[in-house]
Amino acid sequence: MSALAALCRLRPVMLALAAGSLLPLAAGVPAAADERSAAAPGRAAGAERVLKDDVALAPGKGGVIRVKETIVYQFAGRSRLQRTFPTRSHESITQDRVYEIGSLRATSPDGGPSRVSTSAGDTDTTVKVTGSGKLTGAHTVVLEYDLRGAIDQLGSAEELRWPAAGGWRVPVDAATATVDATAMIRSVNCFAGPLKSTIGCTQYYTNHAHTQGVYSQREMLPGEYLTVVAGLPPGTTGGRAIYERRHTVATAFSVNAVTGGVLLGLLALLGGGVAVLYLLRGRDARVVGKHASVGDQAPVVGAEFEPPNGVRPGQIGTLIDEQADVIDVTATIVDLAVRGYLLIEEEDRARTGRLDWTLRRLGRPPVDLLPYERILLDALMTGRDGAPRDAVKLSELGGTFATKLAQVRAAMYDDVVKQGWFARRPDTVRSRWTVFGIALTVLGIAATIALAVTTEWALAGLALIIAGAALAYGGQYMPAKTARGSTVLAHTIGFRAFLERGAIPDGEAVASQQRIALFSRFLPYAVVFDVVGKWAETVKDAGERAEGADNLYWYEGPAEWDLSNFAESMRTFTLATSGSISQSRGL
């Protein structure tokens, strides 16, 4: 009994000791909890965060979901809260899935912010709820909105999928969501983290009647979401996903009724352009075909043969390709020498150390020169200071003659119009069509850019670019010969065939010296027709058959030079002349 009595007396002491020993432990529990809270992201004293984000979703007919979101927000001196909703996702290159948020409104039962504003980005919409002044402490904000596009047909059933909570710029302590359906929910699921996260949320389940899905997640970082999924029976809401065609480069150049019509119009335009070109150029072909037999007749009648209608080499060159080329000017220089206005002297390379020629003016009066020939002769025999000169080295023309060459070519264009071979200067016609084509191309580029940025009709602008480029290119073929010019061209074709053969029938009436003169007369035309090598060989053969023929009356070679060297000398001279007269002065 004494032992029992002693134990009874000790019991209060033991209880006291036990209580005393538990006090530190009890005191340590909140301390440890505070340490974990402080260690968690966003738990620093006074830091902004979402204490609770509670979302209730009620899907209805037509797929409209009425959403009520109750937010308990810890303010720290700011006057607003901000949340981002994902309202657009790129499903493919040309298609977006769209989520529409409407009837947005906010209230606060405890003086929190309630003014709502939105700003749309490429794939999201930011909702800002602003108060009248700076706020501190916890305040409740109720955000309500109607959501469309979050329900889609999945097989024979419907599926609701929506990032119900999250998208905050601050951490979230706890997020919950409920889906209240008018039918039995077949399945539930949820994900936490980034939008496309496959990590499950903290908890999800349905109530005992399977008409409500419940989802929750604790501790979400800034920018993370709680995405809820609920499978509904077929026909529960009749909702469907909303898709929009995304405006991209691919869609900007898509083919539709409008752009297809423009393309067909382009084909008609190009076809019409071809028809116009035929009417302009085809007229040449018809006249040439009609008179070709005349031009193809044997051009030599004894020693009285002359080029077609006395046409000069430069004129023929401009008539054939409708351009006053450098080679046409070179042929004119050779022709001036053959006709006695110039003497071409080849310098001795062994003595000078380089290949060069001297063009020396002769005393023949320029009474029968055409305007472009007179301009060319004066340009050759006028120094840089404007003073006349009797001779000039071919090498001295390099870099100084390009400006005068332009004047000569312009006069050649004027001449073919004066002859009645063209109604307008060919270069002017080409320039006009080319400028128009370039302007249309630039307009097409600007229109394509503007249409590609704003519409799906960029092909209309592309059609303008193609049409403009076609006109700019086709403008080179727009100059058209008159009937008279076409007739002269027909004779020229026969004359060219004669020069390409490189020989005329032998006859006693044509002596060797006469043959050399005749071949020399035709040599400038051979330069235009690019058969100078073959025709120079003909001159060489004629010279070898003439006794004592070591030079031509218009071309003198150095010592030990004779007509056996003429073919190579002439080929080199024409190349060097074309290069010298067209060379521009370097900067």
Side-chain angles (χ1 to χ4, degrees), residues 40-43 47-59 63 65-74 80-91 96-102 104 106 116 118-129 141-152 154 159-180 185 187-205 212-231 239 241-242:
R43 292 298 192 275
E48 285 193 3
R49 67 184 187 273
V50 176
L51 301 176
K52 186 177 181 181
D53 190 358
D54 188 6
V55 184
L57 300 96
I65 305 172
R66 288 178 172 78
V67 184
K68 182 177 182 180
E69 182 173 3
T70 303
I71 306 155
V72 180
Y73 195 91
Q74 177 72 34
R80 70 182 184 187
L81 55 83
Q82 178 176 317
R83 184 190 165 186
T84 300
F85 292 85
T87 51
R88 182 180 294 268
S89 63
H90 300 323
E91 298 295 312
D96 286 350
R97 182 171 179 178
V98 178
Y99 303 88
E100 297 178 352
I101 294 178
L104 185 64
V116 178
T118 61
S119 59
D122 181 34
T123 59
D124 53 37
T125 298
T126 299
V127 175
K128 299 177 182 178
V129 184
V141 176
V142 179
L143 195 64
E144 297 178 84
Y145 58 91
D146 293 340
L147 174 65
R148 293 175 174 83
I151 298 178
D152 194 10
L154 188 63
E159 181 184 79
L160 183 157
R161 179 185 291 262
W162 176 240
W168 298 97
R169 300 176 62 181
V170 296
V172 178
D173 289 357
T176 60
T178 57
V179 175
D180 293 303
I185 298 177
S187 61
V188 292
N189 203 349
C190 74
F191 306 95
L195 277 177
K196 296 187 180 297
S197 172
T198 57
I199 300 174
C201 63
T202 302
Q203 189 179 40
Y204 59 95
Y205 57 90
Q212 185 183 70
V214 181
Y215 315 84
S216 64
Q217 174 65 31
R218 296 190 60 81
E219 308 294 348
M220 291 199 305
L221 297 175
E224 291 186 338
Y225 291 87
L226 170 62
T227 301
V228 303
V229 181
I242 302 173

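No experiment lies behind these values; they were computed from the predicted model shown.
Below 30°, between 30° and 60°, or above 60°: for Tyr215 and Tyr204 the angle between ring planes is below 30°, a parallel geometry.
Looking at residues two or more places apart in sequence or on another chain, you find a salt bridge (charged side-chain N to carboxylate O under 4.0 Å, His left out) between Glu144 and Arg105. In this structure, the ring-ring contact (aromatic ring centres under 6.0 Å, His included) partners of Phe85, at least two apart in sequence or on a different chain, are Tyr145. In this structure, Arg148 has no salt bridge (charged side-chain N to carboxylate O under 4.0 Å, His left out) partners at least two apart in sequence or on a different chain. Residues passing the side-chain hydrogen bond (donor to acceptor under 3.5 Å, both in side chains) test with Asn189, sequence neighbours excluded: none. Contacts of Asp54 classified as salt bridge (charged side-chain N to carboxylate O under 4.0 Å, His left out), with partners at least two apart in sequence or in another chain: none. With sequence neighbours excluded, the residues that form a salt bridge (charged side-chain N to carboxylate O under 4.0 Å, His left out) with Arg88 are Asp96, Glu244.
Using a 3.5 Å distance cut-off with no hydrogens or angles, the side chains of Gln74 and Arg49 do not pair a donor with an acceptor. Checked by atom type, the side-chain pair Gln82/Thr84 shows no donor-acceptor distance below 3.5 Å. Side-chain atoms of Thr202 and Gln217 include a donor-acceptor pair closer than 3.5 Å. Under 3.5 Å, the side chains of Thr125 and Thr118 contain no donor-acceptor pair of N or O atoms.
Inter-residue side-chain proximity for Val141 and Arg80 is flagged as unmet; no heavy-atom pair is nearer than 4.5 Å. The closest side-chain heavy-atom distance from Val116 to Val127 is below 4.5 Å. Proximity of Leu195 to Pro86: side-chain heavy atoms (C-beta onward) are separated by under 4.5 Å at one or more points. A heavy-atom distance below 4.5 Å is not found between the side chains of Val55 and Thr176. Between Leu226 and Cys190, some side-chain heavy-atom pair lies under the 4.5 Å cut-off. Considering only heavy atoms from C-beta on, Val98 stays 4.5 Å or farther from Thr87 through its side chain.
The two residues Trp162 and Ala150 have their closest heavy-atom pair at CB-CB, 4.2 Å. Minimum interatomic distance between Ala192 and Ser197 (heavy atoms only, all atoms of both residues): O-OG, 2.8 Å. Across every non-hydrogen atom of Pro171 and Glu48, the tightest pair is CD-O, 4.0 Å.
Counting only distance, with no hydrogens or angles, the side chain of Ser89 and the backbone of Glu91 share no donor-acceptor pair below 3.5 Å. A donor-acceptor pair is defined here as one N or O able to donate and one able to accept, closer than 3.5 Å; such a pair exists between the side chain of Arg97 and the backbone of Gly149.
Taking 4.0 Å as the cut-off between side-chain N and carboxylate O, Glu69 and Arg83 count as a salt-bridged pair.
The environment of Leu51 atom CG is dense: over 12 non-hydrogen atoms of other residues, nucleotides or ligands sit within 6.0 angstrom.
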inquiry  = Working note: Leu160 + Val228, criterion side chain to side chain contact (heavy atoms under 4.5 Å, CB included); need CA distance, chi angles, decisive distance, verdict.
reply    = CA-CA 8 Å; Leu160 183 157; Val228 303; 4.3 Å; yes
